[in-house]
Amino acid sequence: MSQSEQWEAVDAYFAAQLAPDDEGLRAALRDSEAAGLPEIAVSAPQGKLLHLLARIQGARTVLEIGTLGGYSTIWLARALPEDGRLVSLEYDPQRAEVATRNLARVGLDKVAEVRVGPALESLPRLADENPPPFDLVFIDADKANNPHYVEWALKLTRAGSVIVLDNVVRGGRVLDADSGAPDVQGTRAALDLIASHPRLDGTAIQTVGTKGWDGFALARVLA
């Protein structure tokens, strides 16, 4: 068994033991695949981690930047109370349509809404609505704009809120300060922002599994 096969086997074991799926989650993945969406949704253990973070946080409001087919959205929305609110921002109309159907299928369309358009245009409009501060922000969109998304997350949260930034290892490419790749530069800039901003306290964790070698950053918003 190769190393990557071992990673996948361990992920499958963890998922079966601690993050079992159900028809709603399976259907979300099936519909995403049938629609030709890239297979880049979070894994089941990662989805369960997001769910637990929201529950531990006591979150009532969640902002997600990057919806894809709504798989992670379902995990997050299921952690909210009946009167909770999740806003997910998706650039691509086809992906947003798939996600909206997936959320409706599992009865979460009253809790979660998907807004279509470039996130850097949707975020100012969202701020103009003066919503209650979001308790948790999950950032999993185009990596080049990661620092801008972190900055907006700060504007839309409060002291004690949590920010999760996905895919920060990039297969180890995050080490290359001279890389010309926008995803690497955007990720490094976001990590620099987390490290230096007086209102953020964070860390980053490497992961291996069905999604290969990657990881996430976790930050808490300070007063």
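Side chains included, hydrogens not; waters and symmetry mates left out as well; all remaining heavy atoms used.
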Problem set entry | Test side-chain contact (heavy atoms from CB on, under 4.5 Å) applied to Ile40 and Asn167, step by step | CA-CA 10 Å; Ile40 54 174; Asn167 307 128; over 6 Å; no
Problem set entry | Smallest separation among heavy atoms of Pro124 and Ala119, with atom names | CD-O, 4.3 Å
Exercise. Got Arg105 and Asp31 here, is their nearest side-chain heavy-atom distance under 4.5 Å?
Worked result: yes
Problem set entry | Joint hydrophobic cluster, Tyr71 plus Leu68, side-chain heavy atoms closer than 4.5 Å | no
Exercise. Can you list the residues that meet the side chain to side chain contact (heavy atoms under 4.5 Å, CB included) rule with Leu49, with sequence neighbours excluded?
Worked result: Leu53, Phe216
Exercise. Is the side chain of Thr61 donor-acceptor paired with the backbone N or O of Pro133 at a distance under 3.5 Å, no angle test?
Worked result: yes
Exercise. Within a strict 4.5 Å, meaning less than it, do heavy atoms of the Phe134 and Val87 side chains meet?
Worked result: yes
For this session: State, with a plain yes or no, whether a side-chain heavy atom of Leu120 is found less than 4.5 Å away from one of Tyr149.
Result: yes
Problem set entry | Short N-O contact, Arg78 and Asp22, less than 4.0 angstrom | yes
Exercise. Run the side-chain contact (heavy atoms from CB on, under 4.5 Å) check on Val169 and Thr207 step by step: do they pass?
Worked result: CA-CA 9 Å; Val169 174; Thr207 61; over 6 Å; no
Seminar exercise, completed: Contacts satisfying salt bridge (charged side-chain N to carboxylate O under 4.0 Å, His left out) that involve residues 48-77 (not counting sequence neighbours) are Arg60-Asp83
For this session: For Gln185 and Asp178, indicate whether the former's side chain and the latter's backbone hold a donor-acceptor pair under 3.5 Å.
Result: no
Exercise. What pair of heavy atoms forms the shortest contact from Val168 to Thr187, and how long is it?
Worked result: O-CG2, 3.4 Å
Problem set entry | Same cluster (ILVMFWY, side-chain, under 4.5 Å), Val62 and Ile139 | no
For this session: Could you tell me which non-hydrogen atom of Trp213 sits nearest to which non-hydrogen atom of Trp7, and how far apart they are?
Result: N-CZ3, 4.2 Å
Exercise. When you look at Val42 and Phe138, which way does the side-chain contact (heavy atoms from CB on, under 4.5 Å) test go after all the steps?
Worked result: CA-CA 12 Å; Val42 300; Phe138 177 48; 4.1 Å; yes
For this session: Would you name the heavy atoms of Gly84 and Val111 that are closest together and state the gap between them?
Result: O-CG1, 3.7 Å
Problem set entry | Nearest heavy atoms of Val174 and Val184, plus distance in Å | CA-CG1, 4.2 Å
Seminar exercise, completed: The complete set of salt bridge (charged side-chain N to carboxylate O under 4.0 Å, His left out) pairs with one or both residues in residues 90-101, sequence neighbours excluded, reads Glu97-Arg101
Exercise. Is Val114 reachable from Leu80 through a run of I, L, V, M, F, W or Y residues, each pair having side-chain heavy atoms under 4.5 Å apart?
Worked result: yes
Problem set entry | Any donor-acceptor N/O pair, Asn102 side chain to Gly70 backbone, under 3.5 Å | no
For this session: Would you mind listing the cluster partners of Phe14? Hydrophobic ones only (ILVMFWY), side-chain contacts under 4.5 Å, chaining allowed.
Result: Val10, Tyr13
Problem set entry | Check: Leu222 main-chain N/O paired with Asp201 side-chain donor or acceptor under 3.5 Å | no
Exercise. Quick one: side chain to side chain contact (heavy atoms under 4.5 Å, CB included) partners of Leu193, sequence neighbours excluded?
Worked result: Val150, Glu151, His197
Problem set entry | Pairs flagged by salt bridge (charged side-chain N to carboxylate O under 4.0 Å, His left out) wherever residues 133-143 is involved - sequence neighbours left out | Asp135-Arg158, Asp140-Lys143
Problem set entry | Residues forming a side chain to side chain contact (heavy atoms under 4.5 Å, CB included) with Val162, sequence neighbours excluded | Gln57, Val164, Leu218
Exercise. Glu129: what forms a salt bridge (Lys or Arg N to Asp or Glu O under 4.0 Å) with it, not counting sequence neighbours?
Worked result: Arg85, Arg115
Exercise. Can you list the residues that meet the side-chain hydrogen bond (donor to acceptor under 3.5 Å, both in side chains) rule with Asp183, with sequence neighbours excluded?
Worked result: Arg170, Arg173
Exercise. Which residues pass the side chain to side chain contact (heavy atoms under 4.5 Å, CB included) test with Asp21, sequence neighbours left out?
Worked result: Leu25, Arg26
For this session: Looking only at non-hydrogen atoms, find the nearest pair between Val98 and Ser32 and report the distance.
Result: CG1-OG, 4.0 Å
For this session: Indicate yes or no: at least one non-hydrogen side-chain atom of Thr100 is less than 4.5 angstrom from one of Thr67.
Result: no
Problem set entry | Greater than 12 external heavy atoms within 6.0 Å of Glu39's CD | no
Seminar exercise, completed: Rounded to the nearest 0.5 angstrom, the CG-CD1 distance for Asn146 and Ile65 is 9.0 Å
Problem set entry | Counterpart residues, side-chain hydrogen bond (donor to acceptor under 3.5 Å, both in side chains), relative to Glu5 (two or more places apart) | Ser2
Exercise. Sequence neighbours excluded, which residues qualify as side-chain hydrogen bond (donor to acceptor under 3.5 Å, both in side chains) partners of Ser161?
Worked result: none
